[in-house]
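Nothing here was measured: the structure is a model prediction, and the numbers come from that model. Just the heavy atoms: all of them, side chains too, but no hydrogens, waters or symmetry mates, feed the values below. Note that ligands are numbered from 1 as they come in the structure, with each ligand's atoms numbered from 1 the same way.
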Amino acid sequence: MSSNNPLLANIDTIKGVGPKIALHLEKLGLEKIQDLLFHLPLRYQDRTRVYPLSSVRHGQEVLIEGQVDHCSILFKQRRMMICQLSDESSGSITLRFFHFSNAQKLSFSTGTWLRCFGEIHQGFNSLEIVHPEYKIINKNTPLELADSLTPTYPSTKGLQQRTLRRLNSEAIKRITYLDEIFPESLREQYKLMTLAEALVALHQPTPESSVEQLLSTSHPAQQRLIFEELIAHHLSLRKFREYSRKVNGITLSSNDTLNQKLLKSLPFELTGAQQRVINELKHDMQQPWPMSRLVQGDVGSGKTLVAAAAALTAIEAGYQVALMVPTEILAEQHLKSFMQWFKPLGLRVDLLSGRQKAAERRNSIENITLGLTNLAIGTHALFQDSVKFQKLGLLIIDEQHRFGVHQRLALREKGKQGDLYPHQLVMTATPIPRTLAMTAYADMDYSVIDELPPGRTPVKTVVIPNIRRDDIVQRINTVCQQGAQVYWVCTLIEESDALQCQNAEETLVLLQESLPELNIGLVHGRMTALEKETTMQSFKAAELHLLVATTVIEVGVDVPNASLMIIENAERLGLAQLHQLRGRVGRGTAASSCVLMYQSPLSQIARKRLDALRSSNDGFEIARIDLEIRGPGEVFGTRQTGELQFRIADLLRDQHLLPSIQAAAEVIIKQYPDRIQPLIERWIKTAENYVHA
Ligand code: ADP
Ligand code: MG
């Protein structure tokens, strides 16, 4: 690439870009003109056609035309102007304005034609648009329509779309200078457009481009970029993996004495899957490079014990182990399990959590530093600067979907002792299809615990409207009289944490009134660690019959005697989260049930979700249905996909490409090794460039 490539000039060399605009652009990570090309439209507005009113649906952003039937000012909670439109398709729609002038009201006289653009919402009685862009038109002399889709770019306050569009067209003018890094042979094999063609098609879609394709990210131009971006990420992770195999790890070997002792003390045998994964971990830790392994197992598959076995291997070889978890509740629960398992073996387990008392905390830190601690359990508090392990051999991260890639890599650096890196074990219950795991976590090896401990009966799930609450309360009473325990989960999403806790407190009061004979406890995110721990422990000790909780109990909590779970307003939660929550029951041998309560009316999607849970207990199957219900084109939450930040790709949505991505990456590694670094640099910002992490 020659240095006088005009695409590599700074954006401020474009006419009209002063320091103020340059500053905004910098915020978006745009410096060179070429960066503009990779600043992809977030979405498109379709102003190329007018939709008949009878055809529009909730959620569409469309151009419509209609005649004013009537227009009035209402006083509901606020003053508002409501305007009813209809067209020849005998469709109608409501326009709703909260800010309006008298002149506006007068101009909307009956019979006037309007052209509007905006997002359609399902209102109380009819479809509506709130504050549409609008123009009064003369039906006999139609206005012009845009001849291509209008891109909308990610922007920042003070920077107009108009400016971004103009700068972008300047960049497109220089596109012949763009370097094609992707090998031509692969491009032909996978029938991909050139990079330049793809970028032009996305920034300046032609009138012929399929609107549907662009909006659902299935346009060939988008597929071309997704392909290249996924390859760049995959190569970057592969490179990181290669690099981490070159660094020095600690060869851990043990006689397995501690493990044998632990197994003897357990009231059950390991499952075949647990045994297999434990062997894989032991094998990894004997290598002279640091282990980096992802262990995936559905809720209740017994991951904790697998972690314990790995920990004992490291401890027996004379090293310390750190176990990091995403929540305080989980840290405290693990502390209890591990104390119970490790104390009889003469080992020391310490807790380090953000909400500990200062003295306890100091004590733990001291033990860790002196090397007295064999196993330290904690939240991210474990990795503050003040904590220095004397001899860290293994780092275990539980329920990894709460931690990002960067955190994972940063931890690894932090755990470094001299030039030795600790082994790393990451555990997750999020079901990840194999191909996806191999791409998203290509820096790690991958194992699955694909078997549940014997004797578990699947959780029976029922879906019941909120109005049958009294029946449910009655059922709780019966279940508790029989000696089992119950969770009541309160959900309130999109509301503040404070509201969620308040809601749980109110539910507690109501339940206490209707179930005076039961002992009922409460845990929520705003309680102190001590309060939560005390409550959890009495629930575990069966002193409480019923535990009212917010979704803080979602991950990891283990009380096998709890056999009934009620989830209030289940329709508000996603499938993966519901599956996790439900995993809190069905952990013992008793038949368990889960009651999904919902507020009517249920949307179609919500009904499908609840039905999926009713019909399956298998995390993989549920993940598959989730994908099907959402369909491609919907943006997935990062909690499910892991945490990779993509510009255009989406691991779940684009799963079908992954086998080709892996194959193409192999070809690049073997035949075009000099393309690897440029590809990574093109797609991955320095912060995410794992090799330099
Ligand atoms: P998760 O994989 O969800 O983290 P846990 O490790 O919390 O699951 O284990 C769930 C429950 O199963 C715990 O009560 C644990 O003691 C128990 N358990 C683990 N392994 C076995 C086994 N092999 N046989 C029977 N019970 C087991
Ligand atoms: Mg767990």
Item checked: Subset of ligand 1 atoms that lie under 4.0 Å from at least one heavy atom of V299 -> 3 (O)

Check: Which ligand 1 atoms, with their elements, are less than 4.0 angstrom from a heavy-atom of E269?
Finding: 22 (C), 23 (N), 24 (N)

Notebook entry, point to check: Would you call A429 a ligand 1 contact, heavy-atom distance under 4.0 Å?
Noted result: no

Margin query: Check this for me - ligand 1, P560, N or O atoms closer than 3.5 angstrom, yes or no?
Written below: no

Margin query: List ligand 1 atoms under 4.0 Å from L270, heavy atoms only on the residue side.
Written below: 23 (N)

Next item on the list: Compute the minimum heavy-atom distance from G297 to ligand 1 and say whether it is under 4.0 Å.
Entry: no

Next item on the list: Taking only Lys NZ, Arg NE, NH1 and NH2, and the carboxylate oxygens of Asp or Glu, determine whether D558 and R587 approach each other closer than 4.0 Å.
Entry: yes

Note to self: Under 4.0 Å between a side-chain nitrogen and a carboxylate oxygen: does that hold for D445 and R245?
What the structure shows: yes

Check: Measuring from N466:CG to Q599:CD, what's the distance to the nearest 0.5 Å?
Finding: 4.5 Å

Check: Does the side chain of L581 reach to within under 4.5 Å of the side chain of T551, using non-hydrogen atoms?
Finding: yes

Next item on the list: Could you tell me which atoms of ligand 1, counted from 1 in the order shown, lie closer than 4.0 angstrom to a heavy atom of T271?
Entry: 23 (N)

Notebook entry, point to check: Does the side-chain hydrogen bond (donor to acceptor under 3.5 Å, both in side chains) test come out yes or no for N503 and H524, once each step is laid out?
Noted result: CA-CA 10 Å; N503 171 255; H524 62 57; over 6 Å; no

Item checked: Residues R276 and D450 bridged, charged N to O under 4.0 Å -> yes

Next item on the list: Go through ligand 1 atom by atom and flag the ones less than 4.0 Å from a non-hydrogen atom of T304.
Entry: 4 (O), 5 (P), 6 (O), 7 (O)

Check: What's the spacing between L573 CG and Q580 CD if we round to 0.5 Å?
Finding: 12.0 Å

Check: What part of K303, side chain from CB on, backbone N/CA/C/O, both or neither, has a heavy atom under 4.0 Å from ligand 1?
Finding: both

